[in-house]
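Notes to accompany the following structure.
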Amino acid sequence: MPNSFAASRLLLASGSPRRAALLAQIAVPFSQVTPAVPEQRQAGESPQDYIQRLAHDKAEAGLQLTDESNAGLWSLGADTLVLAGDRVLEKPRDFADFESMMRALSGTEHSVLTALCLRSTERQFSRQVETRVRFRHLTTTQIDAYWRTGEPADKAGGYGIQGLGAALVESISGSYSNVVGLPLEALVPMLEHAAIPYWCESYWQEADS
Ligand SMILES: Cc1cn([C@H]2C[C@H](O)[C@@H](COP(=O)(O)OP(=O)(O)OP(=O)(O)O)O2)c(=O)[nH]c1=O
């Protein structure tokens, strides 16, 4: 079978070790940079528009940061937030902020939204994914103890479903990897459009023959 396929290269524009682990899980070769993009919602900006803007700005900042040639290079930015009713929950600033998040999430269902932006100097693919998560009723003892583990500090909504936070969850509807920060079900078709390899490289070799 002739194989003239030339793979694109991927830059993960994120400091998140969880996003790196999810890319590694499906054997995507990538390098990683951590762009400094200020996370501040503008007046009147919807949560959906906000995270899409941040995903775009992270991807764009990734392209600016690299000193590699940009030919064939794609940059991936992502942003995750938790939406409890119309209340936006990002990373907790301190214990009081975390505690009020846990009280808002306790015994109810919320949304986890992740926006993706895969960008080259010439093209861009964007997607957004929503997962519904229902929390158990949380006691004050559980909330205090979970904070002391240190896990909530760098997580949107103040919890990590992939860690100790799994014990807070009653049910989940939709993509699990979306909650962790990188929805693989949405990402894989984007990788295919951009000819970025993952374990199934034969996909393009067949398309190319
Ligand atoms: C709800 C939830 C969020 N999170 C994480 C995903 C994101 O990494 C983080 C939300 O913050 P983000 O600002 O989306 O990402 P980040 O600051 O970790 O990384 P970067 O901006 O450099 O890309 O919360 C979990 O790991 N598990 C969970 O269950």
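Numbering starts at 1 and runs along the sequence shown. Numbering of ligands and ligand atoms starts at 1, following listing order. For clarity, every value in this text was computed on a predicted model and none was experimentally measured.
Listed by number with element, the atoms of ligand 1 under 4.0 Å from a non-hydrogen atom of Lys58 are 13 (O), 20 (P), 21 (O), 23 (O). When each atom of ligand 1 is checked for a heavy atom of Gly15 under 4.0 Å away, the hits are 20 (P), 22 (O). Counting atoms of ligand 1 from 1 in the listed order, those under 4.0 Å from a heavy atom of Glu39 are 13 (O), 21 (O). The atoms of ligand 1 that sit less than 4.0 Å from any heavy atom of Ile161 are 27 (N), 28 (C), 29 (O). Set against the non-hydrogen atoms of Gly160, the atoms of ligand 1 under 4.0 Å away are 27 (N), 28 (C), 29 (O). Close contacts between ligand 1 and Gln162 involve ligand atoms 25 (C), 26 (O), 27 (N), 28 (C), 29 (O) [criterion: under 4.0 Å to a heavy atom]. Short contacts between ligand 1 and Asp79, defined as distances under 4.0 Å to a heavy atom of the residue, involve ligand atoms 12 (P), 13 (O), 14 (O).
The nearest protein atom to atom 8 (O) of ligand 1, hydrogens excluded, is given as Arg18 NH2, 3.1 Å; this is a heavy-atom distance. Protein heavy atom nearest atom 3 (C) of ligand 1, with residue, atom name and distance: Val179 O, 3.4 Å. Scanning the protein for heavy atoms near atom 6 (C) of ligand 1, the closest one is Val180 O, 3.3 Å. Arg19 NH2, 3.7 Å is the protein heavy atom nearest to atom 7 (C) of ligand 1.
Between the side chain of Arg119 and the backbone N or O of Glu60 there is no donor-acceptor pair closer than 3.5 Å. In this structure a side-chain-to-backbone donor-acceptor pair under 3.5 Å is missing from Ser106 to Arg103. For Glu99 (side chain) and Ile143 (main-chain N/O), no donor-acceptor pair under 3.5 Å exists by modelled atom type. A donor-acceptor contact shorter than 3.5 Å links the side chain of Ser8 to the backbone of Ala194. For the pair Thr108 (side chain) and Leu105 (backbone), a donor-acceptor distance under 3.5 Å is present. Between the Glu151 side chain and the Leu164 main chain, a donor and an acceptor come within less than 3.5 Å of each other.
Backbone and side-chain nitrogen or oxygen atoms of Ala13 are examined, and none is located within less than 3.5 angstrom of a nitrogen or oxygen of ligand 1. Between Lys91 and ligand 1, at least one pair of N/O atoms sits closer than 3.5 Å. Close N/O approach between Lys155 and ligand 1 is not found [any backbone or side-chain N/O within under 3.5 Å]. Ligand 1 has no N or O atom lying under 3.5 Å from any N or O atom of Val82, backbone or side chain.
Residue Thr34 places every heavy atom at 4.0 Å or more from ligand 1. Within the 4.0 Å heavy-atom cutoff, Gly157 does not count among the residues contacting ligand 1.
The two residues Ala186 and Val129 have their closest heavy-atom pair at CB-CG2, 3.6 Å. Across every non-hydrogen atom of Tyr198 and Ile26, the tightest pair is CB-O, 3.2 Å.
Taking each of Ala156, Ala61, Ala36 in turn, the one with a heavy atom nearest to atom 10 (C) of ligand 1 proves to be Ala156.
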Could you tabulate the donor-acceptor pairs under 3.5 Å formed by side-chain atoms of residues 32-44, not counting sequence neighbours?
{"residue": "Gln32", "atom": "NE2", "partner": "Ser14", "partner atom": "O", "Å": "2.6"}
{"residue": "Glu39", "atom": "OE2", "partner": "Lys58", "partner atom": "NZ", "Å": "3.2"}
{"residue": "Arg41", "atom": "NH1", "partner": "Glu45", "partner atom": "O", "Å": "2.8"}

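Residues passing the side-chain contact (heavy atoms from CB on, under 4.5 Å) test with Gln142 are Arg136, Leu138, Thr139, sequence neighbours excluded.
Judged purely by distance below 3.5 Å, without hydrogens or angles, the side chains of Ser177 and Arg18 never pair a donor atom with an acceptor atom.
In Glu90, neither the side chain nor the backbone holds a heavy atom less than 4.0 Å from any atom of ligand 1.
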